[in-house]
Every structure is written in structure tokens, then in C-alpha cells.
There are 2 protein chains.
Amino acid sequence: MQATAFSPHDHTHCISSAITHAKGLCAERDVRLTPVRQRVLELIWQSHKPIGAYELLASLAKEGFNSAPPTVYRALDFLSEQGLLHKLESINAYVGCCNPDTPHQGHFLLCQVCHQAQELDSQYITLALKVSADQHGFEMHHHTIEVVGTCQECLNKANMSEAT
Amino acid sequence: MQATAFSPHDHTHCISSAITHAKGLCAERDVRLTPVRQRVLELIWQSHKPIGAYELLASLAKEGFNSAPPTVYRALDFLSEQGLLHKLESINAYVGCCNPDTPHQGHFLLCQVCHQAQELDSQYITLALKVSADQHGFEMHHHTIEVVGTCQECLNKANMSEAT
DNA sequence: GTATGTTATGTTATATTATAACAATCGTCA
DNA sequence: TGACGATTGTTATAATATAACATAACATAC
Ligand SMILES: [Zn+2]
Ligand SMILES: [Zn+2]
Ligand SMILES: [Zn+2]
Ligand SMILES: [Zn+2]
């Protein structure tokens, strides 16, 4: 729970690590991380702000890639199947997965101020969901958790500017 | 946590109770549950299946209401502000709220088979989220939890048809 | 009861997000 | 090579949602 999206960090490391990781996984799984797929993943990892499909598309277009919607949605589908990204349903935007090795659900904190997203991995949340589902005899397949609020950095900034 | 959307129940009671409840709340709050707003709420409560905006719109059109998108989105906005419905972000559909008196977040079980939604009210889930958020110094404003799977009724049906 | 401001609705157009359908190309391996 | 499946190109359209501005209904004050 250390290096968070919200706090300052060496983000070039996030990017390179994500790409290296993705290449490894795709090789292992014998699936193809084609140029457009890799580029979409890189674009998604440009920051910890979830990015929309059409924003990705605009970037691809500038770079000379094909720029019809299916291009980006196919890449997103592929990356999602491989567990390399998550879709944030409440904002229709996509963000890189921090831990694609083990398939899992995305639990996210979304900051309303800086628009960054931090993925959580809480056993308690998963357990609490499982308990609730079990109580209803409900068989869980997957789930979406998106917590919207203000991150610590943005709270600090707000406090500092208030304290004039 | 008894009478669930999934199990057989007197649904006319769900509907009438929801409408009565809504009328009371709107009167208390001095806001207007106009005909179109009330009709949208009734349509949403026709079943425990979340319903899409354009499906609502089609029903309104048949009934002689105005049928341009803003009509239904405005009604949905109003009902949402009053806590009378929830939007399920992962499927872009709307469902009536079971407990509109006390403002709260929607936690939902969505059955992939019968497409019904059951609202949960689990202190454990809320607490687990709060703990995770606190660990990150994150101030929670609202959240979305949508659990997709198979409900008990649909599991039973599947088991029965398997056991030939 | 008329003026006035506010809330709600009507109307047209358009923005945003996503998929269908089919053709062309690329990669792989017999 | 050639046959096959996977990937990409291309065009069109579906599905969801909002902007902008005009009109109507409602409430309160005068
Ligand atoms: Zn980073
Ligand atoms: Zn922030
Ligand atoms: Zn019911
Ligand atoms: Zn079911």
C-alpha cells in the first residue's frame, strides 16, 4: 500500500515497469502485444488519470495509427482480457492495472480534484462482499468498486490554500 | 435482508409502497413529484430489473408523454437527487431505491441470468471501504459497488435442470 | 388578478461512448 | 505455397447522454 498514484513518485518507472511486465506476460501466454496494443497500453500509463477511448483514439491518430473507433476498442478489449487494464464504469475510462499477474477485480479510489485513480487490493473489501453475497445465496462472478472522493495530496493543497 | 428482489414476493406491494413513500418524501421536502416524474418512477419499479433510459422513453412515448431524451433524463436526475433511484453504472440502467429515507450509496447484486438487482445495505462493506480509504488518507464522498453473478433462484433452476 | 421570478417542460440539435458487419492483410505452420 | 486463424482496415450505425434555448406552469408579492 505504499507508492500510490496520488503521491509524488518516479512515474517513468510505473510506465516502464508496466510495459516490461506486459511484454513478459504476453510472451508467457503466447498472445501478441502488437504495436497498436502496446501503444494503447503506453498511452494509458502516461499518467494515473483514467483515460477515455476517444482520447486514446485522438492520440493514436496523431501518431499515424489507424483511428477508427474499433481500433482502440479492440486494443482495450485485448488488454482487458489480459488483465492489463481496468475500466472505470462510472466514468467510462480506462486505467492500467498495477498487478496483472494475478487476475483480480479492480477496486479504485478516484480523486475528484486531480482525477487520478489508485487501485486498492483489500482482502477486507473482498471478504465483506463475499459475506453479503453468501447471505443472499448469490454466486459472485465479478464486481466493480469505485470510490469517489478527494485524495490526501489534494486535501493538503486545499488546506494550505485555506490557511491564508 | 429478507424479502429480496430475487425471491418470489408480492411485487405490487413493492410498487405501491415505493410510490406512496416517494409522494410522502416529496411532500415533506416540498419538491414536486410531477406526473412525468411519478410515471418514470412507476416504470422503474415495474420490476427489479434495472431499466435503461431509452426503454423508459419508449414507454413514455406510448403513453403520450413527451418523448425526447431530456424528458427522461430530467426525471431521472430529479429522482436520483431525491434518492429515489440508483444508477447501475456498469450497465447504464436505473433501479428503484428500497430505502430512500436515509441517503446512502447503492450496493448491488446483479443477476446475470434473470437480470434483477438486489440492493444491499452492508455495514461491513461500508466499513471495509472506509478503512481502505483512510489508509490512503482519502476522503470518501460517494461510491459504487456492483456485484455481478447468479442469484439463488437462478442457481436452483440451473441445478434442477442439470439433475435430469 | 396581474406582474414577476422560479421551476418545469418542450424542442432541436449534437456530443459521447461503443458495436456490427464485412473486407483486406498478416503470421504461422503444414 | 497455400490454407488457416488472428489481426487490422473501413464504413456505418447503435446506444447513451447533454447543450442550448424557447415555452409553459406555478407561486408569491404587490
Ligand atoms: Zn506512477
Ligand atoms: Zn487528488
Ligand atoms: Zn418487488
Ligand atoms: Zn437470477
Side-chain angles (χ1 to χ4, degrees), chain A residues 22-23 25-27 29-41 43-44 49-82 84-95 110 115 144 146, chain B residues 22-23 25-41 43-44 49-82 84-95 115 144 146:
Chain A
K23 283 181 180 169
L25 279 179
C26 289
R29 295 172 185 169
D30 203 23
V31 294
R32 294 167 53 203
L33 189 63
T34 60
V36 69
R37 289 168 173 176
Q38 179 173 334
R39 189 60 190 137
V40 167
L41 187 59
L43 289 168
I44 284 174
K49 293 183 202 176
I51 187 171
Y54 280 73
E55 200 179 337
L56 289 167
L57 206 49
S59 294
L60 289 179
K62 278 188 199 153
E63 298 175 9
F65 284 92
N66 183 30
S67 65
T71 299
V72 75
Y73 282 104
R74 285 163 178 163
L76 291 171
D77 282 350
F78 171 85
L79 296 169
S80 177
E81 278 165 15
Q82 298 303 321
L84 294 165
L85 59 74
H86 296 285
K87 177 178 184 187
L88 296 177
E89 299 285 355
S90 65
I91 55 174
N92 297 313
Y94 304 83
V95 71
L110 303 182
H115 300 110
T144 292
E146 294 169 31
Chain B
K23 284 181 179 168
L25 279 179
C26 289
E28 252 177 52
R29 296 173 185 168
D30 203 25
V31 294
R32 294 166 54 204
L33 189 63
T34 59
V36 69
R37 289 168 174 175
Q38 180 173 333
R39 190 60 191 137
V40 166
L41 187 59
L43 289 169
I44 284 173
K49 292 183 201 174
I51 187 172
Y54 280 73
E55 199 179 337
L56 290 167
L57 207 49
S59 294
L60 290 179
K62 279 187 200 154
E63 298 175 10
F65 284 92
N66 183 30
S67 64
T71 299
V72 75
Y73 282 105
R74 283 165 179 163
L76 291 171
D77 282 349
F78 171 85
L79 296 168
S80 177
E81 276 164 17
Q82 298 303 322
L84 295 165
L85 60 74
H86 296 284
K87 178 179 183 185
L88 297 177
E89 300 285 356
S90 64
I91 55 174
N92 297 313
Y94 305 84
V95 71
H115 299 109
T144 292
E146 294 169 31

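To find a chain, count down the sequence lines: A is the first, B the second, and so on, and within it residues start at 1.
Distances were taken from every side-chain heavy atom of B:T34 (C-beta onward) to each of C:dA18, C:dT11, C:dA8; the shortest belongs to C:dA8. Distance from the side chain of B:Y73 is smallest to D:dA17 among C:dT19, C:dG10, D:dA17. In this structure, of C:dG10, C:dA18, D:dA17, it is C:dA18 that holds the atom nearest to the side chain of A:K87. Of all nucleotides listed (C:dA18, D:dG9, D:dA20), D:dA20 comes nearest to the side chain of B:R74. Ranking D:dA17, C:dT19, C:dA8 by closeness to the A:P69 side chain, first place goes to C:dT19.
Residue whose closest nucleotide on DNA chain D sits further toward the 5' end, between A:A68 and B:E89: A:A68.
Rounded to whole Å, the distance from CZ on B:F78 to P on D:dT18 is 18 Å. Atom CD1 of A:I91 and atom P of C:dT16 are 16 Å apart (whole Å). Atom CG in A:D30 sits about 11 Å away from atom C1' in C:dT28, given to the nearest Å. As rounded to whole Å, 13 Å separates atom C1' of D:dT16 from atom CG of B:D77. Nucleotide C:dT28 holds its P atom 6 Å from the CZ atom of A:R32, rounded to whole Å. We find that CG of B:L57 is positioned 14 Å from P of D:dT18, with the value rounded to whole Å. Protein atom CG of A:L60 is 14 Å distant from nucleotide atom C1' of D:dG9, rounded to whole Å.
Stacking of A:Y54 onto the six-membered ring of C:dT16 is not present when judged by under 5.5 angstrom between centres and under 30° between planes.
Residue B:Y94 is classed as a sugar-phosphate contact, given heavy-atom separations below 4.0 Å to backbone atoms only. In this structure, A:N92 reaches the sugar-phosphate backbone alone: every heavy-atom distance under 4.0 Å involves primed, P, OP1 or OP2 atoms, never a base.
Listed pair A:R37 / D:dT7 meets the phosphate criterion, a side-chain N or O lying under 4.0 Å from OP1 or OP2. At least one side-chain nitrogen or oxygen of A:N66 sits closer than 4.0 Å to the OP1 or OP2 atom of D:dG9.
Judged by distance alone, the side chain of A:R37 and the main-chain N or O of A:R32 form a donor-acceptor pair under 3.5 Å. B:R29 places a side-chain N or O within 3.5 Å of a backbone atom of B:Q82 that can act as its donor or acceptor partner.
Of the residues listed (B:V36, B:L56, B:V40, B:L76), the one engaging B:T71 in a side chain to side chain contact (heavy atoms under 4.5 Å, CB included) is B:V36, and it is the only one.
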After noting the C-alpha distance and the side-chain angles of A:T144 and A:E89, does the key distance pass the side chain to side chain donor-acceptor pair (under 3.5 Å) rule?
-> CA-CA 8 Å; A:T144 292; A:E89 299 285 355; 5.0 Å; no
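Surrounding NZ of A:K87 are more than 12 heavy atoms belonging to other residues, nucleotides or ligands, all under 6.0 Å away.
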